[in-house]
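Keep in mind that this is a model prediction, so the values were computed, not measured.
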Amino acid sequence: MKFRFRHMAILHVMAAVVLAAAACSRASREPEDHGEEGTVTLNMRITMRAGGSGDNDAELMHTLRIIILDGAGFAEHNAYWNFDNAIEDYTTSSFKVKANDTKTILMVANEESAVLTLPDGSKVSAHDWLTGIDAAAGEYVDMETARGITMTLADNFAADGSMSNGNRYIPMSAVHTYTVGNDQNYSGTFYIHRAAAKYTFRFTVNDDKYDHTVNSVSISSVASTEYFFPNATFSVGTDIPQARLLSYVTPADLTSSNRTFAVTDGKIPVGTKDYVEFGPYYVPEGRVSPAEGYGISFKVDGTQFPWLPLEPHEIDGATVTNPKDMTDLPRNTHVIVKVTLKGTEFKVNYTVCPWEEHQIDIPPFN
């Protein structure tokens, strides 16, 4: 059977998340005794950016680490939790911290799934690196050095589209600043961001003549690396910090490649009323040149379909007069590819949305 190609593209492209970083040179100082009069209590609620309702347990928090640095960059706390069940948010116990100070707060979830590349090129597990920050000794954490730490595609993302390491949970991270004064208690809610974007393919058979079998799906322009704590700028004035992404930075040595994911059980029988979903397929966040753009393809019944570009025809409710290829894919973004098979025609609709809003056709990102 020969197919005629027809596609439609409707996108909302503004996405997701993440901020700066952490790393440590092994400098330390004698721990300071501020006494009860020199400390205040800080309570924190950590919740997942773009909602907590992931498609599966891999997208929720299984472990959580919080490192609190004082205004000079020395560690006051390095706390770690391993949860019995996956969670969407967590309210910490009280931290005693030095008063009248601006804190840097590092948050990492599912660190066991991440292998890091340090600025000198050496590799280390995120768990080992984070555990090594000695709060008891007041270790200094060099945030500028930390911003150069990366997670590569080869080390962290498996050929089947899952994460490669540990229990294959999605690593999450964030860096926040928070100022305390002399009041007895302080409380804040903070977003943590998944360190990946994901694609999902949904195929629907809309005729009564043919079965179809999906053999594979393909994604173009997959980034080779991303920052562990990427540099990002967020809008201000929201109730929860880092609610809306304005811009982000990718590593200077980033390259891109195409990835094809084999589908082992891809048959879609005639009469299937609901869509059949393949994925999710996780990839690093990235950015490509306008000449390259992002695209998708798939093989059905042994026929390889041509690359179809992802183009935003609509952004924030406004029609784009001259749509251009999508060039940004921030972390915590969900790209949904909807394919309708009818007779010998394929109709393709793309949606880019927040990670949890996978039931909505054309949502705004925020």
Side-chain angles (χ1 to χ4, degrees), residues 17-32 46 63-80 97-98 101-156 165 171-179 190-196 223-234 241-242 245 247-255 284-287 330-331:
V17 199
V18 184
L19 183 61
C24 48
S25 61
R26 293 300 169 187
S28 61
R29 64 176 181 185
E30 290 298 315
E32 296 182 25
I46 291 79
T63 64
L64 176 66
R65 184 182 298 275
I66 296 177
I67 298 172
I68 303 176
L69 312 179
D70 68 12
F74 294 95
E76 292 186 84
H77 293 276
N78 185 346
Y80 176 82
V97 296
K98 181 172 65 175
D101 193 27
T102 297
K103 311 299 180 183
T104 298
I105 305 170
L106 286 64
M107 302 174 182
V108 178
N110 302 338
E111 63 191 50
E112 293 77 9
S113 297
V115 173
L116 308 181
T117 302
L118 303 182
D120 64 4
S122 61
K123 307 283 187 178
V124 63
S125 75
H127 180 72
D128 289 347
W129 177 73
L130 292 162
T131 301
I133 297 175
D134 190 349
E139 184 170 335
Y140 176 70
V141 177
D142 183 354
M143 294 298 295
E144 184 175 356
T145 300
R147 292 185 176 95
I149 297 176
T150 58
M151 286 174 51
T152 67
L153 174 70
D155 290 337
N156 293 280
N165 309 303
M172 308 177 198
S173 59
V175 175
H176 293 268
T177 58
Y178 190 86
T179 300
F190 304 90
Y191 278 129
I192 193 168
H193 316 293
R194 298 180 182 97
S224 61
T225 186
E226 65 178 358
Y227 287 115
F228 184 50
F229 293 105
N231 297 315
T233 301
F234 298 87
Q242 302 185 12
L245 176 74
S247 64
Y248 66 104
V249 177
T250 56
D253 61 347
L254 183 150
T255 59
E285 74 172 347
R287 174 178 284 121
R331 68 181 61 193

Check: T177/T102 side-chain N/O donor and acceptor closer than 3.5 Å: no
Donor-acceptor contact below 3.5 Å, side chain D142 vs main chain E144: yes
Donor-acceptor under 3.5 Å (K98 side chain, K103 main chain): no
H176 side chain to Y191 backbone, donor-acceptor under 3.5 Å: yes
Plane angle bin for W129 and F229 - parallel if under 30°, tilted between 30 and 60°, otherwise perpendicular: tilted
R65 and H127: CA distance, side-chain angles, deciding distance, side chain to side chain contact (heavy atoms under 4.5 Å, CB included) verdict: CA-CA 9 Å; R65 184 182 298 275; H127 180 72; 3.8 Å; yes
Contact summary for A223 and G286, nearest pair of heavy atoms: CB-CA, 3.9 Å
Heavy-atom side-chain contact between F228 and V108 under 4.5 Å: yes
Short side-chain to backbone donor-acceptor contact, S122 and L118, under 3.5 Å: no
Interatomic distance, I192 atom CD1 to I66 atom CD1 [nearest 0.5 angstrom]: 8.0 Å
Main-chain N/O of Y248 paired with R287 side-chain donor or acceptor, under 3.5 Å: yes
Atom pair CD1 (I67) and CD1 (I105), whose distance is rounded to the nearest 0.5 Å: 11.5 Å
Whether D134 side chain and E139 backbone form a donor-acceptor pair below 3.5 Å: no
Flag for T225-T152: side-chain donor and acceptor within less than 3.5 Å: no
Minimum side-chain heavy-atom gap P119-I149 below 4.5 Å: yes
Nearest-0.5 Å distance that lies between atom CG in L130 and atom CD in E111: 5.0 Å
Closest non-hydrogen atom pair, L245 against A232: CD1-CB, 3.8 Å
Cation-pi geometry met for R331 and Y227 (6.0 Å, 45°): no
Short side-chain to backbone donor-acceptor contact, N78 and I133, under 3.5 Å: yes
Shortest non-hydrogen contact from L153 toward P284: CD1-CD, 3.7 Å
Nearest-0.5 Å distance, OG1 of residue T145 to CZ of residue R147: 10.0 Å
Any donor-acceptor N/O pair, E226 side chain to E285 backbone, under 3.5 Å: yes
